[in-house]
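Inspection log for the structure reproduced underneath, given as structure tokens.
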Amino acid sequence: ARDENDDGIPNWTIHATKGDNEKIATTTDGGQYQFTFDPTELGEWIISEDAQSGWTQTFPENGTYIVIIERSGEMLDQKDFGNWKHPLIEGYKFNDLDGDGVWHQPNGVTNEPGIADWEIRVDLLERGQEEGEEMIPIELISLSFTGSNGEFSIPVPAQGHYRVSETQQRGWTQTAPTTNSFFDVFVEATDSVVNRDNTENQRELLFGNHELAVITNEVSQDASQTSITITWSTDRETTSRVVYDTVSHPVLGDGACASPLETLNCYGYASSTAELDTAPKVTNHSVTVSGLTAGTTYYYRTISKASPE
């Protein structure tokens, strides 16, 4: 039903049809519309409205009105149509160039651009059947792509609990959000744009991704009894480092290197060189691994920036 605070909706198309006859009206700024019927148009007419994307019709219950025009000039009222505008879940997808999980925007300007054409997913959630079970996706609501500036604006058809996530892409690692790979959003019927969490806090929905460097042209050379030089190239300016061990590591591990390089990740390897070419970074890399034991087989992996993979 229409409440006194409900605004009329302008520029909405309303139809009156009787068999093959049709009249069309457009609502005014206040949401009103009007049809007139001459003496040759008496009889039963169906009054309906166009469906519009992003809106759900709330009344009349059957979606249309059937009216009987008995005399020319007859006035009919209370033939209102109600529509509920779907709230929008909005956010951005950005290129996290420094990989820190933060979209830097000094004075509203950033050198970390938005990423276009990245798929964003919205699912409706429902709590599991047992007490304490986590929320689980029960219905895919939308698969949308980000705009030219990385923006997304996705309508949801009803109030409820939604999960917003991104589709992972090869060659990128997600850096934001930092707690989970998704956002949970709670929508109420009175919302227009909503990014609310379960504590009623509004926050920006920012998905950050850092593009991994591509390593090519890897060569080992200048081998001696106790050292070897590894060279390689990257598709962007990055740092240079080599991790190595006497056993193979086909699957990367995770863990700090031994002192004094404990601030670096050795990815399961026993040893690492220092991190070189930190300022300035380079695209052509050369690292000498020394202190090796003669007659021993070593396995190594080159690391540039955040990409040992």
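Computed from heavy atoms alone, side chains included, the values below leave out hydrogens, waters and symmetry copies.
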Exercise. Nearest 0.5 Å, what's the CZ-OG1 distance between Phe94 and Thr175?
Worked result: 5.0 Å
Exercise. With distance as the sole criterion, is a donor-acceptor pair present between the side chains of Glu218 and Thr302 under 3.5 Å?
Worked result: yes
For this session: For residues Gly268 and Asp245, report the shortest heavy-atom separation together with the two atoms involved.
Result: O-OD2, 4.0 Å
Exercise. Relative to each other, are the rings of Trp12 and Trp55 parallel, tilted or perpendicular (30° and 60° limits)?
Worked result: perpendicular
Problem set entry | Check against side chain to side chain donor-acceptor pair (under 3.5 Å), Glu275 and Thr239 | CA-CA 7 Å; Glu275 187 169 50; Thr239 59; 3.2 Å; yes
Exercise. Would a 4.5 Å heavy-atom cut-off, applied to side chains only, mark Glu139 and Pro157 as touching?
Worked result: no
Exercise. Has the side chain of Asp100 got a donor or acceptor atom that lies under 3.5 Å from a matching backbone atom of Val102?
Worked result: yes
For this session: Without swapping roles, check the side chain of Lys18 against the backbone of Leu42 for a donor-acceptor pair under 3.5 Å.
Result: yes
For this session: Can you measure from CD (Glu22) to CD1 (Ile46) and round to the nearest 0.5 angstrom?
Result: 11.0 Å
Exercise. Given the rule that I, L, V, M, F, W and Y join up when any side-chain heavy atoms are under 4.5 Å apart, are Leu124 and Phe183 in one cluster?
Worked result: yes
Exercise. Is Thr13 reaching over with its side chain to a backbone N or O of Asp50, donor-acceptor style, under 3.5 angstrom?
Worked result: no
Exercise. Do Leu264 and Val243 share a hydrophobic cluster (ILVMFWY, side-chain heavy atoms under 4.5 Å, transitive)?
Worked result: no
Exercise. Side-chain contact, heavy-atom cut-off 4.5 Å: Tyr162 with Ile154?
Worked result: no
Exercise. In this structure, are over 12 heavy atoms from other groups packed under 6.0 Å from Asn180 atom CG?
Worked result: yes
Exercise. Just by distance, do the side chain of Asp38 and the backbone of Thr40 share a donor-acceptor pair under 3.5 Å?
Worked result: yes
For this session: For atom CD of Gln225, decide whether the heavy atoms of other residues, nucleotides or ligands shown that lie under 6.0 angstrom number more than 12.
Result: no
Exercise. What's the spacing between Gln34 CD and Lys23 NZ if we round to 0.5 Å?
Worked result: 11.0 Å
For this session: Determine the interplanar angle of the Phe81 and Tyr65 rings, folded into 0 to 90°, and report it as parallel if under 30°, tilted if 30 to 60°, perpendicular if over 60°.
Result: perpendicular
Exercise. When you measure from the side chain of Ser272 to the backbone N and O of Cys266, does any donor-acceptor pair fall under 3.5 Å?
Worked result: no
Exercise. Can you name the salt bridge (charged side-chain N to carboxylate O under 4.0 Å, His left out) partners of Glu49, sequence neighbours left out?
Worked result: none
Exercise. So, does Thr146 use its side chain to make a donor-acceptor pair with the main chain of Ile115 at under 3.5 Å?
Worked result: yes
Exercise. Between CD1 of Ile68 and CD of Glu44, what distance do you get to the nearest 0.5 Å?
Worked result: 4.5 Å
For this session: Can you see which heavy atom on Ala158 is nearest to which on Val187, and at what distance?
Result: O-CG1, 4.0 Å
Problem set entry | Nearest-0.5 Å distance, CG of residue Asn284 to OG of residue Ser240 | 9.5 Å
Exercise. Would a hydrophobic clustering, with Ile, Leu, Val, Met, Phe, Trp and Tyr connected at side-chain separations under 4.5 Å, put Leu261 with Tyr269?
Worked result: no
Exercise. Could you give all pairs that pass the ring-ring contact (aromatic ring centres under 6.0 Å, His included) test and reach residues 276-300, with sequence neighbours left out?
Worked result: Trp232-His285
For this session: List the atom of Pro113, the atom of Leu97, and the distance in Å for their closest heavy-atom pair.
Result: CD-CD1, 4.2 Å
Exercise. Going through the distances and angles, do Ser286 and Thr231 end up as a side chain to side chain donor-acceptor pair (under 3.5 Å)?
Worked result: CA-CA 4 Å; Ser286 179; Thr231 63; over 6 Å; no
Problem set entry | Backbone N/O of Asp96 and side chain of His210: donor-acceptor pair under 3.5 Å | yes
For this session: Measure the CD1-CD1 distance between Ile47 and Ile14 for me, rounded to the nearest 0.5 Å.
Result: 9.0 Å
Exercise. Is Thr273 reaching over with its side chain to a backbone N or O of Val242, donor-acceptor style, under 3.5 angstrom?
Worked result: yes
Exercise. Aromatic rings Trp84 and His86: how do their planes relate, parallel, tilted or perpendicular, breaks at 30° and 60°?
Worked result: tilted
Problem set entry | Side-chain touch Asn83/Gln52, heavy atoms, less than 4.5 angstrom | no
Exercise. Looking only at atom types and distance, does a side-chain atom of Ser72 sit under 3.5 Å from a main-chain N or O of Phe37, one as donor and one as acceptor?
Worked result: yes
For this session: Describe, in one word, how the ring planes of Phe186 and His161 are oriented to each other, choosing from parallel (under 30°), tilted (30 to 60°) and perpendicular (over 60°).
Result: parallel
Exercise. Would a hydrophobic clustering, with Ile, Leu, Val, Met, Phe, Trp and Tyr connected at side-chain separations under 4.5 Å, put Phe59 with Ile9?
Worked result: yes
Exercise. Less than 4.5 Å apart, any side-chain heavy atom of Leu205 and any of Val185?
Worked result: yes
Exercise. Considering all heavy atoms of both residues, which atom of Gln174 and which atom of Gln168 are nearest to each other, and what is their separation?
Worked result: OE1-NE2, 3.3 Å
Exercise. Is there a donor-acceptor contact under 3.5 Å linking the side chains of Ser153 and Glu90?
Worked result: yes
Seminar exercise, completed: Nearest heavy-atom contact between Thr229 and Thr288 is OG1-OG1, 2.9 Å
Problem set entry | Audit row: Phe35, Ile69, side-chain contact (heavy atoms from CB on, under 4.5 Å) steps and yes/no | CA-CA 11 Å; Phe35 292 108; Ile69 305 301; over 6 Å; no
For this session: Please confirm whether the backbone N or O of Tyr267 pairs with a side-chain atom of Asn265, one donor and one acceptor, at under 3.5 Å?
Result: yes
Exercise. Between Val287 and Leu292, is there a shared hydrophobic cluster once you connect ILVMFWY residues whose side-chain heavy atoms come closer than 4.5 Å?
Worked result: yes
Problem set entry | Closest non-hydrogen atom pair, Trp118 against Trp172 | CH2-CG, 3.7 Å
